[in-house]
Visitor: 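Below you will find the structure I want to go over with you.
Along the sequence shown, residues are numbered consecutively beginning with 1. Both counts, for ligands and for their atoms, begin at 1 and track the order of listing.
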Amino acid sequence: MTSNQIRKTFLDFFRSKTHTIVPSAPMVVKGDPTLMFTNAGMNQFKDVILGNTPVLHSRIADTQKCLRVSGKHNDLEEVGHDTYHHTMFEMLGNWSFGDYFKREAIEWAWELLTEVYKLPKEQLYVTVFEGDATDGVEFDSEAWDIWKGFVAEDHILKGNKKDNFWEMGDTGPCGPCSEIHFDNRPADQRAKVSGAELVNKDNPLVIEIWNLVFMQFNRKKDGSLEPLAMRCIDTGMGFERLCMIVQGKRSNYDTDVFQPIIQKISELSHLNYGEGFKYVDIAMRVIADHVRAIAFSIADGQLPSNQKAGYVIRRILRRAVRYGYTYLQLASPFLYILVDVLVTQMEHQFIEIALQRDLIKKVIREEEQSFFRTLAAGIKLLDNVMKNLQKDNKTLLSGHTAFLLYDTYGFPIDLTVLIASEHGIDVDIAGFEKELAAQKERSRGDAAIDAGDWTELIAIKESTFTGYDTLSENVKIARYRTVTSKGRTTYQLIFDRTPFYGNSGGQVGDSGELKTKNETIKIVDTLKENGQTVHIVEKLPEDLGAEFTAVVDSEKRASAAANHTATHLMHDALRTVLGTHVEQKGSLVSPQGLRFDFSHFQKVTAEELRSVERLVNAAVRENYPLEEDRNCTIERAKDAGAMMLFGEKYGDRVRVIRFGSSVELCGGTHTRATGSIGMFKIVSESAISAGVRRIEAVTGAQAENLAYMAEDTLRTIQETLRTPQVMEAVQKMFAENETLVKELAALHRDKLEAVAEKIVAELAHQEQHGMIVVQRQLELKPEMVKNLMFLLRQKSKKIAMVIGTVWEGKPTLAILLGDDVVARGLNAGQIVREAASEIEGSGGGQPFFAMAGGKNPDGLNRAMDKAVELING
Ligand code: ATP
Ligand code: MG
């Protein structure tokens, strides 16, 4: 079976057990502060499991793109070194939300593996949770008994909390699990040592393939467990590992999931995989793995950057480049070339990667190029440091340098060690680790947010959002908690219902007030967490159980809404003016303005920007009314041509927003009609990375102010020039200025002539040993000094001039030697270089003329004295 068939077989099997097949959620997580990337199939169903969102289908199956490179599940360091952990992998899963439980989950898993994929039963082992006293969870005898119906008892093992109790993160849904392991060793080895002894022992050939999780608890902040209202089944099977076993291979990388990419790497590096060179193989595995993670992240809208998720992606990319550079001698961008192979393999299942191929390649290539430059700079730095060490007969590179290379140049410690060892130099690893730990400590301190458990006042299923229709609402506090960050304490409140829009979809959250008869509390900000609006206040109301009026700041809301609607109109206009390759890559909507990032491969010209402005403002004047469908099926939305974004997770029911020709899926707040925008004005256009542009714009009063500012500037210019015809006046000024400059230059020449005459006349009788040595400090521009010197040189062959000048606070030393003086063997260049140290400067020139600029004007006299000394010998 090919990998595509293996995947299809899984989905078909569960379809036949009446599961609904759903698409993978994006791999990059938006709107969940506890998680950057999807790390398991269950992430997208977290709210369903917690009971925050209603169950639409009680049986679901899918393949989910997962990334395990940060947080609780981080396999990055293993990847490439072993043959069965990836950064990005597909997790095949089936779910039951309050439907079937352990029996069916176990029965079907066994049926699929042994009867459909036909894996040999004697090579399969299963584990069952042994229980944990501190958590108060007992041995899972129920699972044990069910397994006994299928599996020989010596193939059922007990496992501890580490292996057999699954948790997504420090808090959240969790439960005991049963893992299925496969003993992939050759028969002779299996005969010698039983696989039972190797399960969960990090043996690369006895590995876990499928985890059946029996979700029945929610882990609270204080570590305690509470039962979930609805018991769920959540299973996860590593697709690449399954392919290895079904295809009879011993490494995930030998399957058709990875082989085409590895072959391409071979072709690029002229090296072969699997010929016994350990690090060549590791490097090829790292690259084949990482390019998937990088390409899929970009497809989901996460570009490499300097912070958070973007930084994680950048580091993965750099890790791949480094392995290629160090072990495969790849010294120019190569990752982006692999994207085409990846697209061919994956486009059947994940169309997003094909649709964004050009963008993905551009972004990766640019990142690679800039990293190769950093790499080169780092190697130069390292070379210099090593040269200095060798000069001093030292052989230990400091931890500080190693850390600098790591932190600023992206050099992992092993690369520094490798290069240093080639020069017989050791690296102070302990020192490096100390600096690394200190940095980690610093960033932990910066990021530390301490959120307490929720205190529930009234039980609600979900807090209803009424803010599309009203800005004021009578509410009760359903739950609250205390949050401390950087020494500041705030409180988060969830109401039974709320008109407040919480920060999400790029639109900043509402602010406003929470009022009773006796008290008014400011709601300073709002967030959206797990679909709920979280209201942030700086103090808690006196009576938490009171009935409140929650009022949104209507002015701010109106401005934000205008900017959001304008964003839709602009998106539409950009696609009209630039083409339909324009895709939203990021958006920020606030009461102050809007920012919009989109894919486009070159600068947007001034004319194009103007066309976009005209289209948007025309739509504003049309006063298109808001046409809103809050409960549209995703199919109807697609038919209506609604713009859908990559990396966005849409439910079965979506909200469709239409203004004229613009149709988008959107949860944000909008104006009743486009006329309320008033006016739309672009403020700036720039690049934010390869293939992605950013436009900032304003609307309404802000746009009006912008027009006033331009008008005021023009008026001030007119008043200063004392004429309304500014262009003519400016042109005339330019012409006059040119004439003046010429006249001034002539005057300067005359003045210099006079100064030169005077110097020569004064000094003619000071000739000594056939030289006239002159030392002067003048107040002249350095260029003028040069002119003066050349004049003097024409007047006397015996002259040796040392001139110092300070211009705009900077000292300059200049030396001129007449032909006769040069003939005696003196060299102006050498003299100036030696003397310039007194002004902390450097410079040079020819034997007859040289100049040096410096930093320290106080040393100018000493510098001139020194030069004269050198001339006099
Ligand atoms: P392991 O102990 O092998 O790291 P795990 O206990 O972390 O696995 P789970 O969190 O239970 O794995 O995930 C479910 C399944 O996903 C595993 O049985 C395995 O097949 C697969 N899987 C987990 N991590 C990876 C990874 N980094 N790369 C590829 N597949 C993985
Ligand atoms: Mg793991």
Visitor: Could you please spell out the steps behind the side chain to side chain contact (heavy atoms under 4.5 Å, CB included) verdict for Ile429 and Val417?
Guide: CA-CA 9 Å; Ile429 305 276; Val417 170; 3.7 Å; yes
Visitor: Looking just at side-chain N and O atoms, do Tyr100 and Asn94 make a donor-acceptor pair shorter than 3.5 Å?
Guide: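 Tyr100 vs Asn94: donor-acceptor pair found between side chains.
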Visitor: Could you list which atoms of ligand 1 come closer than 4.0 Å to a heavy atom of Tyr84?
Guide: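 Every atom of ligand 1 under 4.0 Å from some heavy atom of Tyr84: 28 (N), 29 (C).
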Visitor: Among side-chain atoms of Asn43 and Gln64, is any donor-acceptor pair under 3.5 angstrom?
Guide: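 No, no side-chain donor-acceptor contact under 3.5 Å.
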Visitor: Run the side-chain donor-acceptor check on residues 301-309: report pairs under 3.5 Å with partners two or more places apart or on a different chain.
Guide:
residue : atom : partner : partner atom : Å
Ser305  : OG   : Gln307  : N            : 3.3
Ser305  : OG   : Gln307  : O            : 3.3
Asn306  : OD1  : Arg314  : NH1          : 3.4

Visitor: State the atoms of ligand 1, each with its element, that fall below the 4.0 Å cut-off from a heavy-atom position in His86.
Guide: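 Counting from 1, the qualifying ligand atoms are 26 (C), 27 (N), 28 (N), 29 (C).
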Visitor: With atoms numbered from 1 as shown, which atoms in ligand 1 lie under 4.0 angstrom from a non-hydrogen atom of Asn211?
Guide: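 The list of qualifying atoms is 11 (O).
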Visitor: Identify, by atom number and element, the atoms of ligand 1 in contact range of Met91, meaning under 4.0 Å from any of its heavy atoms.
Guide: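 Close to Met91: 13 (O), 14 (C), 16 (O).
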Visitor: Checking side-chain polar atoms at under 3.5 Å, does Asn164 have a donor or acceptor matched by the opposite partner on Glu130?
Guide: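 The criterion, which ignores hydrogens and geometry beyond distance, is not satisfied for Glu130 and Asn164.
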Visitor: Considering Met42, Arg241, Arg68, which one's heavy-atom position lies nearest to atom 3 (O) of ligand 1?
Guide: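 Looking at heavy atoms only, Arg241 sits closest to atom 3 (O) of ligand 1.
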Visitor: N/O to N/O below 3.5 Å, does that happen between Met237 and ligand 1?
Guide: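 No; every N/O pair is 3.5 Å or more apart.
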Visitor: If the cut-off is 4.0 Å to any non-hydrogen atom of Trp166, which atoms of ligand 1 fall inside it?
Guide: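 Here the atoms of ligand 1 in question are 9 (P), 10 (O), 11 (O).
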Visitor: Out of Gly93, Gly238, Gly236, whose heavy atom sits nearest atom 14 (C) of ligand 1?
Guide: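 Among Gly93, Gly238, Gly236, the closest heavy atom to atom 14 (C) of ligand 1 belongs to Gly236.
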Visitor: Report yes if His73 has an N/O atom closer than 3.5 Å to an N/O atom of ligand 1; otherwise report no.
Guide: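 No; the residue has no nitrogen or oxygen that sits under 3.5 Å from a nitrogen or oxygen of the ligand.
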